[in-house]
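Take a look at the structure set out below.
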Amino acid sequence: MQEIGYDYIVTGHYARVEYDEKRDRYLLKKAVDDTKDQSYVLYMLTQEQLAHVKFPLGGLRKDQVRVIAEKHGFINARKHDSQDICFVPDGDYAKFIEKYTGKKTPDGLNNTDKAICNFVDKEGNYIGRHKGIIHYTIGQRRGLGIPAASRLYVCEISPKTNTVVLGDNEDLFSSELEADNVNLISVDSLTEPKRVTAKIRYRHKEQPATAWQTPDGILHVKFDEPQRAITKGQAVVMYDGDEVVGGGVINKIYSQS
């Protein structure tokens, strides 16, 4: 935008930007249509960026947008909503990752090196071999290919050792996390504990929590109730009503024990 001399970027994201004179801050807010709200994925926008972006769809519901699009003859006015990541149309995330990185992920089912690509339990005991860590997500139960007396779930993934830790459903719950790469929008800092609602993934329903930062800037979020499958590398995003307080990248999860 700056390189070609324009003042704003306009996108079709469902979110809103408002300027608060009292706080002298730009605020990122949820969309009017809460079923389409995309504020979660925009939490990293800075004050400078928010000053130069517009979200014209944020104040409309999706059915209203379709009516406007049809009125103006847009060919996609009745196009079905996308349910997946647009640049992985076939849903094969593992294939996309390997093509994008140019690296073949080690596969324990076709690899004789028993030091890697292992399923282990919470104590580190060997359970079996897996087909590569990019094929698994925290909380996953199906597709493990491991016979067991009770249901097993993916509880942890270690890229360094290509190890996948399996456990019970109860092992997936935790109440507190830390995050780095923090970006705050509605406030300068969280030196004092603040009551918020927070999401740990895009489709996660906001949950009551208390958030604060330590002197090193690390964000701590403690939920009132344990949450399932908090995942390192995902974003935690905090809200105060319809305002985005800010967020960060989860890098530590406190176990219930």
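In this text, all values refer to a predicted model and were calculated from it rather than measured experimentally.
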Q | Salt bridge flag under 4.0 Å for residues Asp7 and Lys54 | A | no
Hey, what do you get for [atom1] ([X]) to [atom2] ([Y]), rounding to the nearest 0.5 Å?
X: Glu70; Y: Ile75; atom1: CD; atom2: CD1; value: 13.0 Å
X: Leu28; Y: Gln47; atom1: CG; atom2: CD; value: 10.0 Å
X: Lys222; Y: Leu177; atom1: NZ; atom2: CG; value: 12.0 Å
X: Ile138; Y: Leu172; atom1: CD1; atom2: CG; value: 7.5 Å
X: Lys160; Y: Ile133; atom1: NZ; atom2: CD1; value: 12.5 Å
X: His130; Y: Asn118; atom1: NE2; atom2: CG; value: 6.5 Å

Q) Does Tyr93 have Lys95 sitting over its ring (NZ/CZ under 6.0 Å from centre, angle to axis within 45°)? A) no
Q. Is the NZ or CZ atom of Lys36 both under 6.0 Å from the centre of the six-membered ring of Tyr14 and within 45° of that ring's axis?
A. no
Taking all non-hydrogen atoms of both residues, which atom of [X] and which atom of [Y] are closest, and how far apart?
X: Ala179; Y: Asn251; result: N-OD1, 3.8 Å
X: Ala198; Y: Val221; result: CB-CG1, 4.3 Å
X: Gly59; Y: Val32; result: CA-CG2, 3.6 Å
X: Arg195; Y: Pro208; result: NH2-CB, 3.8 Å

Q: Could you walk me through whether Asp81 and Arg66 pass salt bridge (Lys or Arg N to Asp or Glu O under 4.0 Å), step by step?
A: CA-CA 11 Å; Asp81 291 352; Arg66 290 192 183 280; 2.6 Å; yes
Q) So Leu50 and Tyr19, side chain to side chain contact (heavy atoms under 4.5 Å, CB included) or not? Walk me through it. A) CA-CA 9 Å; Leu50 288 169; Tyr19 178 69; over 6 Å; no
Please determine whether residues [X] and [Y] belong to a single hydrophobic cluster, defined as Ile, Leu, Val, Met, Phe, Trp and Tyr linked transitively by side-chain heavy-atom distances below 4.5 Å.
X: Met238; Y: Val244; result: no
X: Ile230; Y: Val236; result: yes
X: Leu57; Y: Phe55; result: no
X: Val120; Y: Tyr136; result: no
X: Val237; Y: Leu184; result: no

Q. Is a side-chain donor-acceptor pair under 3.5 Å present for Tyr26 with Gln49?
A. no
Q | Pair Gln227-His204, side-chain donor/acceptor within less than 3.5 Å | A | yes
(Q) Angle between ring planes, His52 versus Tyr8, binned at 30° and 60°: parallel, tilted or perpendicular? (A) tilted
Is there side-chain contact between [X] and [Y], with heavy atoms separated by less than 4.5 Å?
X: Val67; Y: Asp63; value: no
X: Leu166; Y: Leu144; value: yes
X: Asp171; Y: Tyr153; value: no
X: Val154; Y: Thr137; value: no
X: Val17; Y: Val53; value: yes
X: Ile146; Y: Ile127; value: yes
X: Leu219; Y: Leu190; value: yes
X: Thr210; Y: Val196; value: no

Using modelled atom types and a 3.5 Å cut-off, is there a donor and acceptor pairing between side-chain atoms of [X] and backbone atoms of [Y]?
X: Asp121; Y: Asn125; value: yes
X: Thr101; Y: Lys103; value: yes
X: Glu98; Y: Thr105; value: yes
X: Asn76; Y: Lys79; value: no
X: Asp240; Y: Val245; value: no
X: Asn183; Y: Tyr43; value: yes
X: Gln207; Y: Lys205; value: yes
X: Asn162; Y: Pro106; value: no
X: Asp90; Y: Asp92; value: yes
X: Arg25; Y: Ile185; value: yes

Q.
Would Arg228 and Asn169 count as a side chain to side chain donor-acceptor pair (under 3.5 Å) here? Give the steps.
A. CA-CA 9 Å; Arg228 187 180 186 275; Asn169 186 54; 2.9 Å; yes
Q: Check step by step if side chain to side chain donor-acceptor pair (under 3.5 Å) holds for Gln234 and Tyr202.
A: CA-CA 9 Å; Gln234 288 272 34; Tyr202 180 59; over 6 Å; no
Q.
Is the distance between the ring centroids of Phe87 and Phe96 under 6.0 Å?
A. yes
Q) Please walk me through it: do Thr231 and Ile250 pass side chain to side chain contact (heavy atoms under 4.5 Å, CB included)? A) CA-CA 7 Å; Thr231 303; Ile250 300 168; 6.0 Å; no
Q) Would Glu18 and Arg16 count as a salt bridge (Lys or Arg N to Asp or Glu O under 4.0 Å) if you check the C-alpha gap in whole Å, the side-chain angles of each, and the deciding distance to 0.1 Å? A) CA-CA 7 Å; Glu18 294 180 6; Arg16 294 177 292 151; 3.6 Å; yes
Q: Could you walk me through whether Tyr254 and Phe223 pass ring pair (Phe, Tyr, Trp, His ring centres under 6.0 Å), step by step?
A: CA-CA 11 Å; Tyr254 292 85; Phe223 291 95; over 10 Å; no
Q: Given side chain to side chain contact (heavy atoms under 4.5 Å, CB included), test Thr214 with His220 step by step and report yes or no.
A: CA-CA 8 Å; Thr214 46; His220 293 250; 3.3 Å; yes
Q.
Could you walk me through whether Tyr239 and Lys30 satisfy the side chain to side chain contact (heavy atoms under 4.5 Å, CB included) test, starting with their C-alpha distance in whole Å, then the side-chain angles of each, then the deciding distance to 0.1 Å, before giving a yes or no?
A. CA-CA 9 Å; Tyr239 294 84; Lys30 298 177 188 174; 3.4 Å; yes
Q: Count the heavy atoms of every other residue, nucleotide or ligand shown that sit under 6.0 Å from CZ of Arg151, and state whether that count exceeds 12.
A: no
